[in-house]
2 protein chains.
Amino acid sequence: MGKLREPLKDLAGCGLPSALEVMGERWSFLILRAAFNGLVHFEEFSSELGIARNILSNRLSRLVEHGVMERTPCAADRRKIEYRLTPKGHDLLPAMLALRQWGEKYGSSGVSDLVLIDAEKGEPIAPIAIRAADGRELGWHDLAWQARGSTDQDDCC
Amino acid sequence: MGKLREPLKDLAGCGLPSALEVMGERWSFLILRAAFNGLVHFEEFSSELGIARNILSNRLSRLVEHGVMERTPCAADRRKIEYRLTPKGHDLLPAMLALRQWGEKYGSSGVSDLVLIDAEKGEPIAPIAIRAADGRELGWHDLAWQARGSTDQDDCC
DNA sequence: AATTACAGGTTGCGATATGCAACCCTTATC
DNA sequence: GATAAGGGTTGCATATCGCAACCTGTAATT
């Protein structure tokens, strides 16, 4: 059984607060989902999500500020602007899918009739899980904290 | 290359909104993190997170309502109440870690000096990733949507 | 038994964030 | 030049957040 407690009480040493600073606001994840689905224009997000325009404007700016999306005026029609995911944005896919799978597992809305499949083999993907380096699936009790570069287990607080 | 677009525009068929309904508010994930770290009492959450008491009260009630945490009066000292994660709550760990790993990868705060390790082997865990049934790691472009129980690829919108 | 302290809240009030509708500015299209 | 489309901004009403003070029921102290 792993050491349950994360020794440091401060939130500073944890990536969660910085992740939430970007993605923790209402609509951020839904905008992300829409972007993954290929939406790029302000009006698309607006009509698709039903989000208020001022909030959408605010969120898009924020996502761009934080490097999750990229804002590029469209060369062909200079009224149009394209919002696209950056690599940093693409890296949110596991987190989004994990959240989504959880929501689907427990959500009130009946299971979606769509499944994500591995396009190469045509089989549904595995549920997102915590895995050891060798691929074994791990639960919370299989985990422990370790100081980086150390071999010693901490035993703090 | 996968079919990029998720055909249905409605959010109903997607677990993300229902997940966000529970976990999408400010503090929800930080409370979850604290709970994973073994905190159980109101005052612990309050002092640890620095969250306002009324909001904490509200969030805990909400998490209990949604079955993520469980509220049990303490038999030994009946002033005390224990808030513990349910199995549904424990199932949020992959999502939380994915978010956290993302925040640590890109966050402004320097990398934490703590690493999660597989307690059995003592090695750091693998980054949370999307995997095929056979364990291959997949990116967004390796994915496609498929109607449940069908072999046919949809090609909508 | 009375007093104090502790755990877990609730209440009021000001500060933010959100949602809605209307308006604005720039760039196409006719 | 008139009109419309895309991408916003502005004003105002409402909901949520954060802080401090207060309340309630249960130990612990005297």
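Just so it is clear: chains get the letters A, B, ... in the order the sequence lines come, proteins before strands, and each one is counted from 1.
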Q: Taking atom P of D:dG7 as reference, at what distance in whole Å does atom CD of A:Glu48 sit?
A: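 Those two atoms, CD and P, are 14 Å apart.
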Q: Between B:Val115 and B:Pro124, which heavy-atom pair has the shortest distance, and what is it?
A: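 Nearest pair, atom of B:Val115 first, then B:Pro124: CG1-CB, 4.0 Å.
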Q: Are A:Ile125 and A:Gln101 side-chain neighbours, meaning at least one heavy-atom pair lies under 4.5 Å?
A: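 Answer yes - side chains close enough.
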Q: With sequence neighbours excluded, tell me which residues meet salt bridge (charged side-chain N to carboxylate O under 4.0 Å, His left out) with B:Glu43.
A: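 For B:Glu43 the salt bridge (charged side-chain N to carboxylate O under 4.0 Å, His left out) partners, ignoring immediate neighbours, are B:Arg53.
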Q: Counting C-beta onward and ignoring hydrogens, is there a side-chain heavy-atom pair between A:Arg26 and A:Ile55 closer than 4.5 Å?
A: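 Not touching, per the 4.5 Å side-chain cut-off.
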Q: Which protein N or O atoms sit under 3.5 Å from an N or O of nucleotides 26-30 of chain D?
A:
{"from": "D:dA27", "atom 1": "OP1", "to": "B:Asp77", "atom 2": "OD1", "distance (Å)": "3.4"}
{"from": "D:dA27", "atom 1": "OP1", "to": "B:Arg78", "atom 2": "N", "distance (Å)": "3.0"}

Q: Could you identify which residues of residues 62-71 of chain A place a heavy atom less than 4.0 Å from some atom of DNA chain D, listed by residue number, or say none?
A: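 Residues of residues 62-71 of chain A under 4.0 Å from DNA chain D: A:Arg71.
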Q: Testing the basics here: between B:Ala35 and B:Leu85, what is the closest heavy-atom pair and its distance to 0.1 Å?
A: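 Looking at all heavy atoms of both residues, the shortest contact is CB-CG, 3.7 Å.
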Q: Measure the distance from CD on A:Glu43 to P on C:dT27 and round it to the nearest whole Å.
A: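 Atom CD in A:Glu43 sits about 17 Å away from atom P in C:dT27.
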Q: Who are the salt bridge (charged side-chain N to carboxylate O under 4.0 Å, His left out) partners of A:Glu21, not counting sequence neighbours?
A: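 Testing A:Glu21 for salt bridge (charged side-chain N to carboxylate O under 4.0 Å, His left out), a comparison that skips the adjacent residues, returns none.
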Q: Which donor-acceptor pairs under 3.5 Å do the side chains of residues 63-76 of chain B make with protein atoms, sequence neighbours left out?
A:
{"from": "B:His66", "atom 1": "ND1", "to": "B:Arg62", "atom 2": "O", "distance (Å)": "3.0"}
{"from": "B:Thr72", "atom 1": "OG1", "to": "B:Glu82", "atom 2": "O", "distance (Å)": "3.4"}

Q: Please examine the side chains of B:Ile117 and A:Trp145, heavy atoms only from C-beta on, and report whether any two atoms are closer than 4.5 Å.
A: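 Of all side-chain heavy-atom pairs linking B:Ile117 with A:Trp145, none is under 4.5 Å.
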Q: Could you tell me whether B:Arg136 and B:Asp142 have a side-chain N and a carboxylate O separated by less than 4.0 Å?
A: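 No, no charged N to carboxylate O under 4.0 Å.
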Q: Backbone N or O of B:Leu97 within a donor-acceptor pair of the B:Trp102 side chain at under 3.5 Å?
A: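 Looks like no, no N/O pair under 3.5 Å.
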Q: Round to a whole Å and report the spacing from CD1 of A:Ile81 to P of C:dT26.
A: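 Interatomic distance, CD1 of A:Ile81 to P of C:dT26: 13 Å.
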Q: In whole angstroms, how far is the C1' atom of D:dG18 from the CG atom of B:Leu30?
A: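 Atom-to-atom, B:Leu30 to D:dG18, this comes out as 15 Å.
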Q: At less than 4.0 Å, is any side-chain N or O atom of A:His41 found next to OP1 or OP2 of D:dG6? Yes or no.
A: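 For A:His41, the contact criterion (side-chain N or O under 4.0 Å from OP1 or OP2 of D:dG6) is not met.
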Q: Taking all heavy atoms of B:Ala95 and all of A:Ala98, pick out the closest pair and write down the distance.
A: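 Heavy-atom minimum between the residues: CA-CB, 3.5 Å.
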Q: How does protein contact run along nucleotides 10-22 of chain C, one letter per nucleotide 5' to 3', with B for base contact, S for sugar-phosphate only, - for none, heavy atoms under 4.0 Å?
A: BBB----SSBB--
Q: What is the distance from CG of B:Leu49 to P of C:dG8, rounded to the nearest Å?
A: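 Atom CG in B:Leu49 sits about 14 Å away from atom P in C:dG8.
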Q: Using a heavy-atom cut-off of under 4.0 Å over every strand shown, decide if B:Tyr83 touches base, sugar-phosphate, or nothing.
A: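 Since only primed, P, OP1 and OP2 atoms lie under 4.0 Å of B:Tyr83, the category is sugar-phosphate.
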